[in-house]
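These numbers come from a predicted model, not from an experiment.
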Amino acid sequence: MIKNKYLTQIEKTLDLYFGKKAPPIPENIKELIVKYSPYFIILTIVLTLAFGFRGFRTAYNFSPWGLLSLVALILEGMAIPGLLKRTRLSWEYLFYASLVSLLSNLLSINLGSLIIGGAISFYLLFQIKSYYKN
């Protein structure tokens with residue numbers, strides 16, 4: 001996947017703070033996260049489709065931030081096969097899904113999710129980044 005220079009710079013900056021300067025997660029915990037994250041994402045998608053879509057449709061009325069949330073969910077779904085194989089592209093899909101979720105939270109003025117959710121998401125992503133190879 002071809003990234004533009006802005007996404008590359010965002011990734012490098014986030015990697016510096018969340019991957020290198022942040023306190024590391026123990027290796028055994030990283031391994032568990034990498035091993036079970038595809039199944040957690042599958043569960044999230046199933047629960048969203050089972051319970052959340054009706055609420056999504058009525059609550060967001062297909063607003064821009066609601067559609068962005070749907071895009072993030074689709075990106076996460078696209079990552080699943082590669083997560084099982086531990087490919088770099090699957091990690092990038094999760095990275096893009098996190099960026100889209102941040103934008104959705106920003107547009108909906110959901111500052112708690114923007115700050116706390118974004119920090120947790122990027123911390124976990126950049127801590128496990130080394131497990132995903134081409």
Side-chain angles (χ1 to χ4, degrees):
M1 178 172 272
I2 300 172
K3 290 192 275 187
N4 68 28
K5 64 180 180 178
Y6 299 112
L7 284 176
T8 302
Q9 187 58 44
I10 290 170
E11 183 181 332
K12 285 180 183 178
T13 303
L14 291 172
D15 192 26
L16 174 67
Y17 290 105
F18 290 106
K20 294 178 177 68
K21 289 188 175 185
I25 296 175
E27 290 300 319
N28 60 338
I29 303 298
K30 286 183 188 180
E31 187 64 43
L32 286 174
I33 292 169
V34 169
K35 183 176 181 180
Y36 292 110
S37 64
Y39 305 107
F40 179 73
I41 292 171
I42 291 169
L43 179 64
T44 302
I45 291 171
V46 168
L47 291 175
T48 300
L49 292 175
F51 300 111
F53 188 72
R54 185 172 148 214
F56 167 83
R57 190 174 38 129
T58 58
Y60 292 109
N61 200 15
F62 292 104
S63 63
W65 54 89
L67 291 175
L68 286 172
S69 296
L70 185 59
V71 168
L73 194 67
I74 290 168
L75 285 168
E76 289 174 354
M78 290 171 57
I80 293 170
L83 289 175
L84 294 168
K85 298 174 189 170
R86 296 186 183 187
T87 64
R88 170 74 178 178
L89 181 60
S90 64
W91 182 91
E92 288 178 7
Y93 283 146
L94 291 181
F95 175 63
Y96 299 145
S98 294
L99 290 174
V100 170
S101 292
L102 274 180
L103 182 59
S104 173
N105 288 326
L106 181 65
L107 289 175
S108 64
I109 312 171
N110 189 351
L111 298 180
S113 291
L114 177 73
I115 296 167
I116 297 169
I120 291 170
S121 174
F122 289 132
Y123 177 68
L124 291 174
L125 266 177
F126 284 96
Q127 288 292 307
I128 63 171
K129 182 180 178 182
S130 64
Y131 285 83
Y132 298 93
K133 308 286 184 209
N134 287 337

To check you understand the geometry: which heavy-atom pair defines the closest contact between [X] and [Y], and what is its length?
| X | Y | value |
| --- | --- | --- |
| Y123 | A22 | CE1-CB, 3.6 Å |
| L7 | Y96 | CD1-CE2, 3.9 Å |
| S69 | S104 | OG-OG, 3.1 Å |
| V100 | L68 | CG1-O, 3.1 Å |
| S90 | A79 | CB-O, 3.4 Å |
| L84 | Y39 | CD2-OH, 3.7 Å |

Given 3.5 Å as the limit, does a donor-acceptor pair link the side chain of [X] with the main chain of [Y], or not?
| X | Y | answer |
| --- | --- | --- |
| D15 | E11 | no |
| E76 | I45 | no |
| Y131 | I33 | no |

Checklist entry - Are I10 and F95 close enough, and set up right, to give a side chain to side chain contact (heavy atoms under 4.5 Å, CB included), and what steps lead you there? => result CA-CA 10 Å; I10 290 170; F95 175 63; 4.1 Å; yes
If hydrophobic clusters are built from ILVMFWY residues whose side chains come within less than 4.5 Å, do [X] and [Y] share one?
| X | Y | result |
| --- | --- | --- |
| L14 | I120 | yes |
| F40 | L32 | no |
| L70 | I42 | yes |
| Y93 | Y6 | no |
| L103 | L111 | yes |

Checklist entry - Can the ring centroids of Y17 and F122 be said to lie less than 6.0 angstrom from one another? => result no
Item to check | Check ion pair K35-E31 (N to O, under 4.0 angstrom) | outcome: no
Item to check | Pairwise distance CD1(I128) to OG(S37) - rounded to 0.5 angstrom | outcome: 5.5 Å
Checklist entry - Would you say the side chain of K30 lies within less than 4.5 Å of the side chain of Q127, judging by non-hydrogen atoms? => result yes
Next on the checklist: Just so I know, are the side chains of L125 and W91 near enough to count as touching, which here means a heavy-atom distance under 4.5 Å?
Outcome noted: yes
Checklist entry - Out of L75, I41, L99, which residue meets the side chain to side chain contact (heavy atoms under 4.5 Å, CB included) rule with L94? => result I41
